[in-house]
Amino acid sequence: INQRVMEAEKMEVVSHLASSVSHEVRNPLTTTRGFLQLMLQFDLPEEKRIQYLKISIDELDRANEIIRDYLTFAKPASEKVRQLNLREEVFRTLQIMTPLANMNSVEITTKLGDHFINGEDHTFQQALINMTKNCIEAMPHKGVLSIESMERHDKVLLTISDTGKGMTKDELSRIGEPYFTTKGREGTGLGMMVSKKIIESMNGTLDITSKLNHGTTFHISLPLANEKN
Ligand code: ADP
Ligand code: MG
């Protein structure tokens with residue numbers, strides 16, 4: 001029964017994410033359409049044409065960002081909860097994030113064991129991507145991203161830390177709130193909400209500690225899969 005409940009909750013998260021993404025993406029698309037329509041005007045001055053094109057490109061970039069925070073990998077049709085090796089999932093995520101880390105001169109260190117958890121690989125990777133991306137973005141001119149794991153009782157504790165800009169108390173209390181971002185037009189304020197939902201759907205918890213100008217740590221706790229399921 002427990003497994004059934006978990007699957008049902010899982011599907012709810014997925015369908016919630018899917019309906020959110022269409023809702024979120026509609027705004028920039030509607031704006032883009034509006035400006036393209038304006039460009040149909042006869043005798044539009046050159047500077048207006050360029051302005052409208054710039055806005056349209058901006059809005060399309062925004063739609064793309066939103067989709068990236070929500071579903072880099074999500075394939076709702078193939079959702080399958082199975083036993084995952086935490087270390088493998090982290091390494092897959094790091095492969096994807098390495099180019100961004102290199103761009104910011106961020107060094108990546110890991111201390112990971114083989115821990116087995118129940119989850120859907122792409123969904124879990126989405127949560128890891130959103131968190132590691134935030135860490136790297138908090139270190140624009142170098143730093144260290146470190147990821148470690150350890151088992152305690154029937155749980156695995158995964159910590160993702162950066163040596164970046166950190167957060168104020170107010171920022172820390174608002175992280176994960178939908179649309180809360182300090183990145184202006186570059187941010188969506190959706191990444192952490194998505195990560196938290198995904199971890200909770202796996203019966204895990206996410207806690208965050210941060211020190212301004214020193215760095216941030218994401219503390220993730222997930223139930224270990226027992227051999228039978
Ligand atoms: P976005 O990255 O689009 O702003 P997120 O939901 O991923 O949205 O993050 C929300 C906000 O939380 C960020 O804008 C930033 O202020 C803060 N934040 C998240 N992770 C970190 C981090 N590792 N270091 C510092 N601030 C962070
Ligand atoms: Mg983010």
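Counting convention: from 1, in listed order, for ligands and their atoms alike.
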Under 4.0 Å from any heavy atom of Gly191, which atoms of ligand 1 are there? 5 (P), 6 (O), 7 (O)
Residue pair Asn130 / Gln126, side-chain donor-acceptor N/O under 3.5 Å: yes
Quick test: of every protein heavy atom, which one is nearest to atom 23 (N) of ligand 1, and how far off is it to 0.1 Å? Asp162 OD2, 2.8 Å
Atoms of ligand 1 close to Leu190 [distance to a heavy atom under 4.0 angstrom, numbered from 1]: 6 (O), 8 (O)
Got a salt bridge between Arg185 and Glu59, using NZ or NE/NH1/NH2 to carboxylate O under 4.0 Å? yes
I want to check something: taking the side chain as every heavy atom from C-beta on, are His219 and Ile208 in contact at a cut-off of under 4.5 Å? no
min-distance protein heavy atom vs atom 10 (C) of ligand 1 -> Phe180 O, 3.2 Å
In sequence, state the C-alpha distance, the side-chain angles, and the governing distance for Arg92 and Glu89, and then conclude on salt bridge (charged side-chain N to carboxylate O under 4.0 Å, His left out). CA-CA 5 Å; Arg92 294 231 170 86; Glu89 301 309 322; 3.8 Å; yes
Any atoms of ligand 1 less than 4.0 Å from a non-hydrogen atom of Cys135? List them with their elements. 23 (N)
Which protein heavy atom lies closest to atom 16 (O) of ligand 1, and at what distance to 0.1 Å? Thr182 OG1, 2.5 Å
Could you walk me through whether Glu120 and Arg82 pass salt bridge (charged side-chain N to carboxylate O under 4.0 Å, His left out), step by step? CA-CA 6 Å; Glu120 198 280 319; Arg82 59 179 180 84; over 6 Å; no
Which residues satisfy the side chain to side chain donor-acceptor pair (under 3.5 Å) test with Thr98, sequence neighbours excluded? none
Under 2.8 Å from the Mg ion (ligand 2), the protein N, O or S atoms found are Asn134 OD1
Among the heavy atoms of Thr188, does any lie under 4.0 Å from an atom of ligand 1? yes
Kindly confirm or rule out an N or O of Glu186 lying under 3.5 angstrom from an N or O of ligand 1. no
Is Leu206 close to Met192 at the side-chain level, that is, under 4.5 Å between some pair of heavy atoms? yes
From OH (Tyr52) to CE (Met39), nearest 0.5 Å: 9.5 Å
Using a 4.0 Å cut-off to any heavy atom of Gly166, which atoms of ligand 1 qualify? 25 (C)
Any link between Ile129 and Phe91 through a network of hydrophobic side chains (Ile, Leu, Val, Met, Phe, Trp, Tyr) touching at under 4.5 Å? yes
Heavy-atom contact check, 4.0 Å cutoff: does Glu171 meet ligand 1? no
Heavy-atom distance under 4.5 Å between the side chains of Phe218 and Asp207, does that happen here? no
Under 4.0 Å to a heavy atom of Phe218 - the qualifying atoms of ligand 1, by number: 20 (N), 23 (N)
Suppose we measure from atom 6 (O) of ligand 1 to each protein heavy atom; which comes out shortest, and what is that distance? Met192 N, 2.8 Å
Thr159 and Ile220, any side-chain heavy atoms less than 4.5 Å apart: no
For Ile175, is at least one N or O under 3.5 Å away from an N or O on ligand 1? no
Heteroatom proximity flag, Ala138 to ligand 1, N/O under 3.5 Å: no
Validation: residues 143-153 side-chain donor-acceptor distances under 3.5 Å, sequence neighbours left out:
unit_1, atom_1, unit_2, atom_2, d
Ser149, OG, Gly113, N, 3.0
Ser149, OG, His115, NE2, 2.7
Glu151, OE2, His115, ND1, 2.8

Min N/O separation Lys183 to ligand 1 under 3.5 Å: yes
Between Glu65 and Arg62, is there a salt bridge with N-O shorter than 4.0 Å? no
To the nearest 0.1 Å, how far is atom 26 (N) of ligand 1 from its closest protein heavy atom, and which atom is that? Met167 CG, 3.4 Å
Report yes if Thr181 has an N/O atom closer than 3.5 Å to an N/O atom of ligand 1; otherwise report no. yes
Please report whether ligand 1 has a polar contact with Gly189, defined as an N or O pair separated by less than 3.5 Å (distance criterion only). yes
For His214, all residues meeting side chain to side chain donor-acceptor pair (under 3.5 Å), sequence neighbours excluded: none
Just by modelled atom types, is the Leu190 backbone N or O under 3.5 Å from a matching donor or acceptor in the Thr188 side chain? yes
Among non-hydrogen protein atoms, atom 7 (O) of ligand 1 lies closest to Asn134 ND2, 2.7 Å
